Amino acid sequence: MRNNSEARKAGAQRTRMRRRRKQNKSAVLCISLIAMLLLGVMTVQNLSLYSKRQSYQAREEELQTQLESEEQRQIEMEEYKEYVTTEEYIEQTAKSKLGLVYPNEIIFKEKEEED
């Protein structure tokens, strides 16, 4: 009888060990799947961030070009502002737009050809 009860105990113990191994395999499989899922999600997020970074860099370069263009335009405007206050500009405007001349100047006009 002793052998029978010992055999039963040993059989029950083997059954418990099998269940534990099976449970351990299931737990490892679940953890592995979760880890792979997290890795996949992180990869997708990383690609998304990389794409956004590229678009932001392109936008930054575009804005930098615009900034340089506007700075150059500002310099030109300052130069034009200084030129407008000169005597040369005033004379040129008076001659071209108003037709004014100095008293001792002679004006030559081209004769229009008749067909």
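Only a predicted model underlies this, so the values are computations on that prediction, with no experimental measurement involved.
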* Asked: If you count the non-hydrogen atoms of other residues, nucleotides and ligands that lie under 6.0 Å from CD in E60, is the total more than 12?
  -> no
* Any chance CD of E88 has more than 12 other-residue heavy atoms, nucleotides or ligands included, within less than 6.0 Å? -> no
* **For Y56, all residues meeting side chain to side chain donor-acceptor pair (under 3.5 Å), sequence neighbours excluded** => none
Between the main-chain N or O of [Y] and the side-chain N or O of [X], is there a donor-acceptor pair closer than 3.5 Å?
X	Y	value
T43	L39	yes
S48	V44	no
S55	K52	yes
S51	L47	no

* Between the side chains of Y83 and E78, is a donor N or O closer than 3.5 angstrom to an acceptor N or O? -> no
* To do: Specify the closest pair of heavy atoms between I90 and V84, including all atoms of both residues, with the distance to one decimal.
  => CG1-O, 4.4 Å
* To do: Identify, with sequence neighbours excluded, every residue that meets salt bridge (Lys or Arg N to Asp or Glu O under 4.0 Å) alongside E82.
  => none
[atom2] on [Y] to [atom1] on [X], rounded to 0.5 Å:
X	Y	atom1	atom2	answer
E91	T86	CD	OG1	9.0 Å
L33	L38	CG	CG	11.0 Å
L29	K25	CG	NZ	11.0 Å
Q74	L67	CD	CG	10.0 Å

* Residues E105, K95: salt bridge by 4.0 Å N-O rule -> yes
* To do: Give a yes or no on whether a salt bridge exists between E70 and R73, defined as a side-chain N under 4.0 angstrom from a carboxylate O.
  => yes
